[in-house]
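Each remark here refers to the structure printed beneath this line.
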Amino acid sequence: MRGKILIAKPGLDGHDRGAKYIARCLRDDGFEVVYTGIRRTPEEIVSSAIQEDVDVIGLSILSGAHLEIFAEIFRLLKERGAGDIAVVGGGIIPEPDIITLRAAGVRAIFTPGSSLEEMLVLFRELAGETRRQRGLITS
Amino acid sequence: MNGSNGSLPPAFRDWSANVLEPARRRLPERRAAFVTASGLPVPVLSVPESLEPSYQERLGFPGEFPFTRGIRPTMYRSRLWTMRQYSGFATAAESNRRYRALLASGQDGLSVAFDLPTQLGLDSDHPLSRGEVGKVGVAIDSLADMELLFQDIPLDRVSTSMTINAPAAVLLAMYAVVGEQQGVGFRQLKGTVQNDILKEYTARGTYIFPPRPSLALAGELIAWCAAEMPGFNPISISGYHIREAGATAAQEVAFTFANAIAYVETALQRGLAIDAFAPRLSFFFNAASDFFEEIAKFRAARRIWARLVREKFRATKLESAMLRFHVQTAGHTLTAQQVDNNLGRVTLQAMAAILGGAQSLHVNAKDEALSLPTDASAETALRIQQILAFETGIADSVDPLGGSYHVEMLTDTLERAILDCMAEVERAGGALAATESGFIQRQIEESAYRQQRAIDHGERIIVGVNRFRTEVPETAPPATDPSDGRLGVDAQLERLADVRARRDSAVVGTVLGQLEGAARAGKPVMPEIVSAVRAYATVGEICAVLRSVWGEHRP
């Protein structure tokens, strides 16, 4: 197994075609994947990430509320001592917001132009990183 | 063949005398004569020189059962499709300004997009609304917002389309009460409310209550409109979002019709006669990129619906069997790469909608894969419709592709595929059961996976995405001005607080109590919702009462 991923959909929009597709492709690629379903609160997402003991959280959001919501998720992760979980995001996110989110600690933002291959590569890297940090794998 | 020589089939001459000519007298054509760019005559309808018996059965003449060739005898020769561009603005005041400008420039159809908290029955000050207020449409908390939205807009002279589903009853009640304040009776109001809750569970996502009570509420609204607001389309049964979620063309129509059957059955169970509401059922479909498949889809859909309404539900009125639909070009086909390419895509998709006989059309702006459209790109989208209407001649003859071996073959093929898929839903217990069990969701998900897989593996070519890429930096989504939105949110929160402070809270408590009583007793809730709206109870408060009785859907 390559690692465990939480694909989460915060925000109020219901567009989860992309989230479900990524979840399935990650599964095909050898990850264990949990998909939250739509309209999850930051609280619910952080709780499942901790409970499921995931290596990476992938947040998918298209409602435009990403700045507020991502900040809250980071705050909760740190507060609960789960700051080692890597967070990536995907959606229609404007360039200045990408810079803000990257500065806040989001490891990557995928936008409509991103390819599946580059996403898979990054998930593999990040999951490996988290697992090494946790001493789950050595090398 | 054109309609001027003596070798016309007798059935054509009958139709011409008994259907076409009376229709032309009622509604004259746009021009005295239609000619090509080189001045040659364009017939209203072309037919084969001899009509086989199966022609009448499968195609018929336009305006006649089963409406394969169109629901009106002259189609766009008399009246072009309605160019209805959907758009959302953050605040009621801003939307009001835009509506008045549109009306001043000659448009008579308004289209309201609501923000997500409103669509989910949450007030702007609810914790879950943080960051979402006014983002994808206008925020409506109470009647005060609706008053502002339609200030100085004469509701007896416009038709308003509202994209609202789970809380459709509340927003429609607000619209009705605003009309009443202007001195316009409920019966004079015209428009459409989406009110198609079933596809929210399978495709669009803005559900609140579980499917069963939601379906009952949608049915109540259909009955309420038939009795109180007969000029309103009480539902727009939508395949658009089902297609966007990944369904194939056949699944799009099949799942939409399966939902439609559930609504019709619900309305019939309430004691309505089929012919009392079927003419007011409207539909909303997607126009994607496979040109001939889309045209065939629209033609097949008309034929299936006509037969279904007549054979399954025993409708006798001709209007009951007419499939009237709005079309939007397919958002999912727009690419973030080489955005100008999208102009080609939406133009071809719009053409398929027109050749397929749509009643109204929205063309997507080229930049919608990146952000909400700019004013300039939204204007170009409308211009594309006008070019198709006024420059190309495709609107000058009814069903110009009818009789093409290829199009008729595809229409038959689509019809079979749609009927097969509808039969599967039927075997899964009908739309409600197939939604509750997740059957429809799984079918859509499987199709979405297969399509995206084909793109990622290069089996399906998307220009600029997996072939013909350019190595120039892509345009990034334009920046939004955060301060801009913030001002709107603050004003919204202030108005909400103001309404809560100024209304008679004892009255609000009483009407909400009556609403709860009606919901618990399984009685009609619409009269209570109208009273609650009049007392300035908020969308969030009204939906909270219904949540407490019906529960919340959490898949």
Side-chain angles (χ1 to χ4, degrees), chain A residues 9-29 35-44 60-73 75 90-101 109-120, chain B residues 115-120 122 127-136 200-201 203-207 241 244-246 331-332 334-339 368-372 441 444-449 451-453 455-457 464-466 469 474-482 485 554-555:
Chain A
K9 257 204 77 62
L12 299 183
D13 75 280
H15 302 98
D16 65 349
R17 180 174 179 171
K20 283 179 177 164
Y21 180 67
I22 296 300
R24 191 153 165 187
C25 292
L26 286 166
R27 227 167 265 145
D28 292 348
D29 197 51
Y35 171 53
T36 59
I38 61 172
R39 280 165 33 197
R40 299 301 143 153
T41 61
E43 173 64 44
E44 288 169 321
S60 168
I61 184 164
L62 291 114
S63 74
H66 44 267
L67 289 178
E68 289 86 346
I69 286 172
F70 283 31
E72 180 63 7
I73 288 172
R75 194 186 66 73
I92 298 180
I93 297 180
E95 191 64 35
D97 292 0
I98 293 178
I99 296 166
T100 309
L101 292 169
I109 294 286
F110 301 115
T111 55
S114 305
S115 80
L116 176 65
E117 199 44 45
E118 69 181 278
M119 287 188 247
L120 292 179
Chain B
D115 72 355
L116 286 163
T118 305
Q119 294 188 47
L120 291 164
L122 302 169
L128 283 173
S129 304
R130 248 189 88 204
E132 309 269 11
V133 176
K135 273 279 158 63
V136 301
E200 296 295 331
Y201 305 97
R204 192 168 173 273
T206 62
Y207 44 76
H241 318 89
E244 286 298 299
H332 74 273
L334 299 177
T335 64
Q337 299 90 338
Q338 304 176 19
V339 287
E368 289 186 42
L370 297 171
S371 65
L372 292 175
Q441 291 89 319
I444 295 173
E445 209 177 307
E446 194 55 38
S447 296
Y449 178 75
Q451 289 171 54
Q452 191 59 42
R453 204 77 192 151
I455 293 170
D456 284 333
H457 289 189
V465 173
N466 60 5
R469 300 176 60 112
E474 297 293 347
T475 1
T480 43
D481 179 0
R554 295 280 289 181

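Atoms considered below: every heavy atom in the structure, side chains included; atoms not considered: hydrogens, waters and symmetry mates. Letters A, B, ... mirror the listed sequences (proteins, then strands); counts begin at 1.
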Check: Salt bridge check: are A:Lys20 and B:Glu445 linked by an N-O gap of less than 4.0 Å?
Finding: yes
Item checked: Residues, nucleotides or ligands: over 12 heavy atoms within 6.0 Å of A:Arg24 CZ -> yes
Check: With respect to chain B, which residue among A:Arg39, A:His15, A:His66 yields the maximal number of heavy-atom pairs within a distance under 4.5 Å?
Finding: A:Arg39
Checklist line | Heavy-atom pair count under 4.5 Å with chain A, highest-scoring of B:Gly205, B:Ala203, B:Pro127 | finding: B:Gly205
Next item on the list: Please list, chain by chain and in numerical order, all residues satisfying side-chain contact (heavy atoms from CB on, under 4.5 Å) with B:Ser129, sequence neighbours excluded.
Entry: B:Pro117, B:Leu122, B:His126, B:Val133
Next item on the list: Please confirm whether the backbone N or O of B:Gly331 pairs with a side-chain atom of B:Glu244, one donor and one acceptor, at under 3.5 Å?
Entry: yes
Item checked: Partner set under side-chain contact (heavy atoms from CB on, under 4.5 Å) for A:Thr100, not counting sequence neighbours -> A:Leu67
Check: Is chain A contacted by the side chain of B:Leu128, its backbone, both, or neither, given a heavy-atom distance below 4.5 Å?
Finding: both
Next item on the list: Against chain A, label B:Ala448 side chain, backbone, both or neither, depending on which of its atoms sit under 4.5 Å from a heavy atom there.
Entry: both
Next item on the list: Heavy-atom distances under 4.5 Å only: say whether B:Arg453 touches chain A with side chain, backbone, both or neither.
Entry: both
Item checked: Side-chain H-bond candidate by donor/acceptor type, B:Arg204 with B:Gln119, under 3.5 Å -> yes
Check: What residue in A:Gly37, A:Gly14, A:Ser63 has the most heavy-atom pairs under 4.5 Å with chain B?
Finding: A:Ser63
Checklist line | Which portion of A:Asp16 sits near chain B, non-hydrogen atoms under 4.5 angstrom | finding: neither
Next item on the list: Fit a plane to each ring of A:Tyr21 and B:Tyr449, take the angle between them on a 0 to 90° scale, and name the class: parallel (under 30°), tilted (30 to 60°) or perpendicular (over 60°).
Entry: tilted
Item checked: Structural part of B:His332 lying under 4.5 Å from a heavy atom of chain A -> side chain
Notebook entry, point to check: Where on B:Glu368 is there a heavy atom nearer than 4.5 Å to chain A: the side chain, the backbone, both, or neither?
Noted result: backbone
